[in-house]
Amino acid sequence: MRIATWNVNSLKARWPRVEAWLGQVAPDVLCVQETKLADDAFPALSVAAAGYEGVHHGQGRWNGVAVLSRVGVDDVRHGFAGPPPQGASASEARLLTVRCDGVVVVTVYAPNGRAVGHEQYYEKLAWLKALVDHLDAVATPGDEVVVCGDFNVAPDDRDVWDPAACHGGTHVSPAEREAYQRIVDWGLVDVLRARFDDAGIYSWWDYRAGAFHRHLGMRIDLVLASTPLASRLEWVLVDRNARKGQAPSDHAPVMAGFAPRSPAP
DNA sequence: ATGGTCGTCCAACGA
């Protein structure tokens with residue numbers, strides 16, 4: 001089973017790239033962030049023609065998350081199942097939970113936070129905290145769960161191009177990293193870090209200043225698997241090719257492969 | 001030379 005996550009930065013603008021990528025890579029499940037679509041603008045027919053069942057949670061213009069699956073989708077829940085976070089982000093389309101082939105799939109688009117100390121920064125911390133309550137409401141750590149998406153947090157200094165240059169900004173502050181750690185502590189494994197301990201593996205690069213070609217990025221798009229699912233992990237990668245060429249998103253997809261479940265004894 | 005780009009939709013603003 002191949003599970004991928006991709007912040008596409010507008011599904012309308014990116015659909016040609018997403019459609020081609022689905023055709024070439026054929027993930028079983030793709031979690032999408034920043035569709036920037038209202039639900040009635042989601043390209044359901046095109047998604048179906050590509051062989052996927054799509055579920056979308058959007059509001060138009062900003063945010064918007066989706067799950068595309070070719071192994072079925074049920075138990076759809078839009079937004080928070082537990083207490084929502086304080087602040088405006090509670091009503092934003094940033095969270096969608098479904099079940100695909102027995103795996104609870106949670107797609108997340110965490111608030112950016114704007115600047116350390118800004119009101120939106122504290123809302124981001126509250127949002128990440130509310131995500132833990134959401135996980136408690138929809139699953140237990142003994143279930144097969146994957147929480148993936150754009151967390152807008154670089155978990156440690158290996159995940160940014162220059163820790164000194166990033167110091168004082170969002171995505172790397174101790175409070176954000178602690179809020180992220182509480183999500184992991186629910187019972188999840190960062191599957192990329194389970195396979196690689198290298199610095200310099202990124203999933204996002206600023207459009208400006210040739211950042212991609214200069215290898216100036218951050219790893220903020222993460223696949224977090226519960227222990228029962230992580231035990232089946234075979235491989236994980238960042239598809240940097242999807243960041244190249246004409247009209248790319250500023251994020252690359254991250255994808256993990258899981259072995260089939262062992263047959264019952 | 002101290003910025004540099006996208007997306008939303010036409011004016012800034014958010015990332």
Side-chain angles (χ1 to χ4, degrees), chain A residues 5-21 31-43 46 56-66 85 87-95 107-128 131 148-155 159-162 164-173 175-177 179-180 202-222 238-254:
Chain A
T5 184
W6 194 3
N7 180 323
V8 298
N9 185 19
S10 170
L11 189 58
K12 181 181 177 184
R14 213 66 58 212
W15 176 248
R17 295 284 306 238
V18 174
E19 182 180 40
W21 189 83
C31 295
V32 182
Q33 301 85 36
E34 278 208 90
T35 65
K36 296 186 174 178
L37 294 175
D39 287 334
D40 61 7
F42 180 71
S46 299
H56 185 251
H57 176 47
Q59 60 187 96
R61 185 152 197 195
W62 306 116
N63 311 311
V65 287
S89 64
S91 60
E92 295 171 349
R94 298 180 175 277
L95 180 64
T107 178
V108 309
Y109 174 49
N112 174 282
R114 197 110 179 214
V116 174
H118 193 280
E119 181 180 10
Q120 291 182 28
Y121 173 79
Y122 297 107
E123 289 184 7
K124 175 182 189 174
L125 297 177
W127 196 96
L128 294 168
L131 181 57
C148 51
D150 177 359
F151 288 76
N152 269 316
V153 177
D159 301 315
V160 298
W161 75 95
D162 183 345
C166 296
H167 181 75
T170 57
H171 299 66
V172 301
S173 73
E176 286 164 275
R177 285 175 167 173
Y180 165 74
Y202 307 134
S203 65
W204 169 86
W205 301 260
D206 200 304
Y207 282 125
R208 294 169 289 188
F212 180 69
H213 299 284
R214 295 162 63 201
H215 306 294
L216 309 180
M218 288 191 185
R219 191 176 71 96
I220 57 178
D221 300 274
L222 310 172
V238 179
D239 186 1
R240 294 179 73 263
N241 284 328
R243 181 64 177 77
K244 302 175 182 175
Q246 287 288 308
S249 170
D250 46 354
H251 297 250
V254 181

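Chain A is the first sequence line, chain B the second, and so forth, proteins listed ahead of strands; every chain is numbered from 1.
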Asker: Partners of A38(A) by side-chain contact (heavy atoms from CB on, under 4.5 Å), sequence neighbours excluded?
Answerer: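 Result, side-chain contact (heavy atoms from CB on, under 4.5 Å) vs A38(A): D40(A).
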Asker: Who are the side-chain contact (heavy atoms from CB on, under 4.5 Å) partners of A66(A), not counting sequence neighbours?
Answerer: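 If we apply the side-chain contact (heavy atoms from CB on, under 4.5 Å) test to A66(A), skipping adjacent residues, the hits are V32(A), T35(A), F42(A), H56(A), L68(A).
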Asker: How close or far is atom C1' of dA15(B) from atom CG of D221(A), stated in whole angstroms?
Answerer: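 Distance check: D221(A) CG to dA15(B) C1' gives 13 Å.
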Asker: Going by the rule ring pair (Phe, Tyr, Trp, His ring centres under 6.0 Å), which residues pair with Y121(A) if we only count those two or more places apart in sequence or in a different chain?
Answerer: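 Checked Y121(A) against ring pair (Phe, Tyr, Trp, His ring centres under 6.0 Å); zero matches.
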Asker: Could you give all pairs that pass the salt bridge (Lys or Arg N to Asp or Glu O under 4.0 Å) test and reach residues 212-222 of chain A, with sequence neighbours left out?
Answerer: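 Residue pairs passing salt bridge (Lys or Arg N to Asp or Glu O under 4.0 Å), neighbours aside: D159(A)-R219(A), D190(A)-R219(A).
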Asker: With rounding to the closest Å, how many angstrom separate the P atoms on dA11(B) and dC6(B)?
Answerer: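 dA11(B) and dC6(B) have their P atoms separated by 22 Å.
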Asker: Summarise protein proximity over nucleotides 2-8 of chain B in one line of letters, 5' to 3': B for base, S for sugar-phosphate only, - for none, counting protein heavy atoms closer than 4.0 Å.
Answerer: --BBSBB
Asker: What's the CD-P distance between E123(A) and dG14(B), to the nearest Å?
Answerer: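 Value for this atom pair: 13 Å.
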Asker: For the pair made of NE2 in H118(A) and P in dG14(B), what is the distance, rounded to whole Å?
Answerer: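 Going from H118(A) (NE2) to dG14(B) (P), I get 8 Å.
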Asker: With P as the reference atom in both, quote the distance from dT8(B) to dT2(B) in angstrom, rounded to an integer.
Answerer: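 About 30 Å, rounded to a whole number of Å.
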Asker: Suppose the criterion is salt bridge (Lys or Arg N to Asp or Glu O under 4.0 Å): which pairs have a residue in residues 116-125 of chain A, not counting sequence neighbours?
Answerer: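 Salt bridge (Lys or Arg N to Asp or Glu O under 4.0 Å) check on residues 116-125 of chain A returns K124(A)-E176(A).
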Asker: Taking the P atom in each of dG3(B) and dG7(B), what is the distance between them to the nearest angstrom?
Answerer: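 Pairwise P distance, dG3(B) against dG7(B), rounds to 23 Å.
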Asker: Can a side chain N or O of R114(A) be found less than 4.0 Å away from OP1 or OP2 on dG14(B)?
Answerer: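 Affirmative; the distance criterion is met.
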Asker: Could you measure between the two C1' atoms, the one in dC9(B) and the one in dG14(B), and give it in whole Å?
Answerer: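 About 13 Å, rounded to a whole number of Å.
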Asker: In whole Å, measure the gap between the C1' atoms of dA1(B) and dC10(B) for me.
Answerer: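 Per the computed distance, 30 Å lies between those C1' atoms.
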Asker: Please determine, by modelled atom types, if D239(A) and W21(A) share a side-chain donor-acceptor pair under 3.5 angstrom.
Answerer: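 The answer is yes; a qualifying pair exists.
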